Amino acid sequence: DMGADKMIVAHGYIHAAVRAVAHDLYLDGTVFRSSPKYVNKYPVVGEWGYGFGLRYKRSELLFGLHYMTKEYTQQESMQCVGVLQLRHTF
């Protein structure tokens, strides 16, 4: 008998998000006083990604790629970040 707790389960995921950015601390500087404006930022940025995971008993291995649109005009290209996670539930 192959119980559910002894099986390897595979799954995939996709995600997408859009966010409006009123103030970005890294691009705009402090919120407590005026900062010089070094970059021209985009007010709306997007993010999307995909990945897959394997789960065995209480452990899970995840891998994904996440893409982010440019956040400011001087940025050369979109960003891509690889994600690798190993999780175990105690």
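It should be emphasised that the depicted structure is a prediction, and the values quoted were computed from it without experimental measurement.
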What residues, two or more places apart in sequence or in another chain, satisfy side-chain contact (heavy atoms from CB on, under 4.5 Å) together with Y13? H15, H66
Excluding sequence neighbours, so at least two apart, what forms side-chain contact (heavy atoms from CB on, under 4.5 Å) with Q74? V39, N40, Y72
Inter-residue atom distance [X].[atom1] - [Y].[atom2], 0.5 Å rounding:
X: H11; Y: L54; atom1: NE2; atom2: CG; result: 8.0 Å
X: Y56; Y: I8; atom1: OH; atom2: CD1; result: 7.0 Å
X: L65; Y: Y67; atom1: CG; atom2: OH; result: 4.5 Å

Following the transitive rule for hydrophobic clusters with a side-chain heavy-atom cut-off under 4.5 Å over Ile, Leu, Val, Met, Phe, Trp and Tyr, establish whether W48 and V21 coincide in one cluster. no
Sorted by first residue and then second, give each salt bridge (charged side-chain N to carboxylate O under 4.0 Å, His left out) pair with at least one member in residues 72-83; sequence neighbours left out. none
Mind jotting down which residue pairs meet the salt bridge (charged side-chain N to carboxylate O under 4.0 Å, His left out) criterion with at least one end in residues 12-25? Sequence neighbours excluded, please. R19-E47, R19-E71
Take atom CD1 in I14; do more than 12 heavy atoms of anything else shown fall under 6.0 Å from it? no
Using a 4.5 Å side-chain heavy-atom cut-off and chaining through intermediate ILVMFWY residues, the residues clustered with V18 come out as V44
With a 3.5 Å cut-off and sequence neighbours excluded, list the donor-acceptor pairs that the side chains of residues 81-90 form with protein atoms.
{"residue": "R87", "atom": "NH2", "partner": "E60", "partner atom": "OE1", "Å": "2.8"}
{"residue": "H88", "atom": "ND1", "partner": "R58", "partner atom": "O", "Å": "3.4"}
{"residue": "H88", "atom": "ND1", "partner": "S59", "partner atom": "OG", "Å": "2.6"}

Are the side chains of V45 and M78 in contact, using a 4.5 Å heavy-atom criterion? no
